[in-house]
Participant: 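My questions will all concern the structure given below.
Here is the naming used below: chain letters follow the sequence lines, and residue numbers restart at 1 for every chain.
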Number of protein chains: 2
Amino acid sequence: MTDAPLQTVTNAARLLKAFLTREESLGVSELARRLGLGKSAVHRLLTTLATEGLVEQDPATGGYRLGLVVFELGEAVRVHMDLHAAAGSVLAHLREETGESAQVGMLDGHDVVYVDRLESSHALRLFTETGRRVPVHCTSSGKVLMAFASEPVRERFLATASLTRHTPQTITDPDEMRRALGTVRARGWADAVDEREIGIASLAAPIRDRHGAVVAAIGIGAPVSRFRAMPRKRLARVVVEAGEAVSRRLGWSEDVMSLQKES
Amino acid sequence: MTDAPLQTVTNAARLLKAFLTREESLGVSELARRLGLGKSAVHRLLTTLATEGLVEQDPATGGYRLGLVVFELGEAVRVHMDLHAAAGSVLAHLREETGESAQVGMLDGHDVVYVDRLESSHALRLFTETGRRVPVHCTSSGKVLMAFASEPVRERFLATASLTRHTPQTITDPDEMRRALGTVRARGWADAVDEREIGIASLAAPIRDRHGAVVAAIGIGAPVSRFRAMPRKRLARVVVEAGEAVSRRLGWSEDVMSLQKES
DNA sequence: ACCGTCGTTCCGTAAAGCGGAACGCACTGT
DNA sequence: ACAGTGCGTTCCGCTTTACGGAACGACGGT
């Protein structure tokens, strides 16, 4: 990281990320504009990536889109996730118990990425797509992940993250956030009501790997109306127990907790 | 494509693909060996990709693995796939009807990539992971996709693909394959018994988009023992109907078939 | 028949990335 | 304790490479 990053590779990576907008297909000129590069550079990048199968060209329109190799790679990521296997039935149980959409998220930088989910069967439900990225500071999953992250990571987050205001309820002050995370750490779960978007509420709890490190968060999301109707205490217990169930499947056991000081 | 591909980007792409082996994590030296590059080059590639989030370093072992951004990108690919939405419930129905694992595959080069699947509930079942790549010439899905591909694509495949023998039943002769694909095209479905692996059988039918082009294949896979016990004709009808059901959801209607000559 | 825009191609030059060697560190077997 | 061996990382100079800018042919509105 002390080295200057490879410019061309960086461009290629940015190019790929441009497709995260999930548009049907993107043209050379359009991409060149968004990336601030010359058309020829983008075209060369695209043809190169195409020979590797990372992107493909729509023969009809001439535009480009992500290739199936990217899909393959994405699926290969699930491997670091025994999580995927461990969480499956627990998510189902959690949805059954609460009737709401349930999801598992992991921390990546200052964002949470949802890696698994199961939707509520209510007509009015929360849509959560796997692979979606949401901010840390205004979601229950994010607060759990940050509360249980290592102290340097957490302090770095508080120092550098822009706690963007999304609603009047969003926590935007670093000190207030630090206090909030302390509370989360103490009681073992987090909630977020109207913090990211008015009308949405969520509650989440940590998932630990076999070393006790919090690697993911499991939680439920619901419309605030239904959320308020549920007894908060029972709901928290259900979600925390779901987190513990997944953690056990990952090889974690509560007994070793006491052994865990700093390494 | 007439241009010489960007070497650095090609290296980066190959580097990413090295992770398709789904190993927990890979080290700099190991990757350098596999790619035939210098350690320093690989290291620079990795750190660059890491700053973009495409890979991440395991702080404990120093090794690298794919990052969550790759997972995001992979999920974004599903968009070209209204397929994912369209196939969901049909897969469930197909599994219920046959009791066997059901899957949807797309063509990519000389391979089939499974993009969706649902597993049998039998104890002895076929494991099919999404994101897995299998050869065209010895799978029922592959034969369907190639049979209904455009003629240039098909002839190109017959001319250039190495029809590797996996079992005594594998079709390895291009002419025999051409005849087999003709049969598949005529009757509208394909099967493969013991062709990829002894003991495994599968049957697949095409999925068409709204223009009538075959974009994917849907099929079931089972142990040969159970497969033989099922009446082939009924099974084929069920699978073909599943394919048609998905096709209809993609906007295809049989009526326009007659209008479809070469564009 | 005109413009605007698309994807693609060509070329000269500046800078970017490669290999090779050296460093610090963590293990391992003596 | 101690070399010895592997790791990930860093540095540097030479050559290669990949960038921008301009030009081309094809399309599709107007």
Participant: Ignoring backbone atoms, test whether A:Tyr64 places a side-chain nitrogen or oxygen under 4.0 Å from the OP1 or OP2 oxygen of C:dC6.
Facilitator: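 Indeed not, no polar side-chain atom of A:Tyr64 lies that close.
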
Participant: Only counting residues at least two apart or in another chain, list the ones meeting side-chain contact (heavy atoms from CB on, under 4.5 Å) with B:Gln7.
Facilitator: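 B:Gln7: side-chain contact (heavy atoms from CB on, under 4.5 Å) contacts with B:Asn11.
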
Participant: Looking at A:Gln57, I'd like to know whether one of its side-chain N or O atoms comes within less than 4.0 Å of OP1 or OP2 on C:dC6.
Facilitator: no

Participant: Kindly write out the residues that satisfy side-chain contact (heavy atoms from CB on, under 4.5 Å) with B:Ala147, not counting sequence neighbours, or none if the list is empty.
Facilitator: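 B:Ala147 satisfies side-chain contact (heavy atoms from CB on, under 4.5 Å) with B:Leu181, B:Val184, B:Arg185 only.
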
Participant: B:Arg14 CZ to C:dC18 P: how many Å, rounded?
Facilitator: 13 Å

Participant: Could you give the CG-to-P distance, from A:Leu31 to C:dG7, as a whole number of Å?
Facilitator: 8 Å

Participant: Do B:Ser40 side-chain atoms and B:Gly38 backbone N/O form a donor-acceptor pair below 3.5 Å?
Facilitator: no

Participant: Taking OP1 and OP2 of D:dT9, is either one under 4.0 Å from a side-chain nitrogen or oxygen of B:Thr47?
Facilitator: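 No, no such contact exists.
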
Participant: Under a 4.0 Å N-O cut-off, is there an ion pair linking B:Arg117 with A:Glu75?
Facilitator: no

Participant: What is the distance, to the nearest angstrom, from the CG atom on A:Leu26 to the P atom on C:dC6?
Facilitator: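 Distance check: A:Leu26 CG to C:dC6 P gives 12 Å.
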
Participant: What stems show up for DNA chain D when you take Watson-Crick pairs (N1-N3 plus N6-O4 or O6-N4) and G-U wobbles (N1-O2, O6-N3), both under 3.5 Å, and require three or more consecutive pairs?
Facilitator: C:3-30 with D:1-28

Participant: Under the side-chain contact (heavy atoms from CB on, under 4.5 Å) test, which residues partner B:Ala180, sequence neighbours left out?
Facilitator: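 Partners of B:Ala180 under the side-chain contact (heavy atoms from CB on, under 4.5 Å) test: B:Ile171.
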
Participant: Atom NE2 of A:His43 and atom P of C:dC6: how far apart are they, to the nearest Å?
Facilitator: 14 Å

Participant: Does a nitrogen or oxygen in the side chain of A:Ser29 sit under 4.0 Å from OP1 or OP2 of C:dT5?
Facilitator: no

Participant: Could you give me the CA-CA distance, side-chain angles and deciding distance for A:His43 and A:Leu46, then say whether side-chain contact (heavy atoms from CB on, under 4.5 Å) is met?
Facilitator: CA-CA 5 Å; A:His43 180 255; A:Leu46 284 168; 5.7 Å; no

Participant: Indicate for each nucleotide in nucleotides 17-24 of chain D, in 5' to 3' sequence, whether protein heavy atoms under 4.0 Å reach the base (B), only the sugar-phosphate (S), or nothing (-).
Facilitator: SSBBB---

Participant: Write down the distance between CG (B:Leu15) and C1' (C:dC18), rounded to a whole number of angstrom.
Facilitator: 15 Å

Participant: Walk me through it: do A:Val69 and A:Glu52 pass the test side-chain contact (heavy atoms from CB on, under 4.5 Å)?
Facilitator: CA-CA 8 Å; A:Val69 170; A:Glu52 295 297 324; over 6 Å; no

Participant: Should the ring pair B:His166 and B:His137 be called parallel, tilted or perpendicular, given that the plane angle runs from 0 to 90° and is split at 30 and 60?
Facilitator: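 It falls in the tilted class, 30° to 60°.
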
Participant: For A:Arg179, enumerate each residue passing the side-chain hydrogen bond (donor to acceptor under 3.5 Å, both in side chains) test, keeping only those at least two apart in sequence or located in another chain.
Facilitator: none

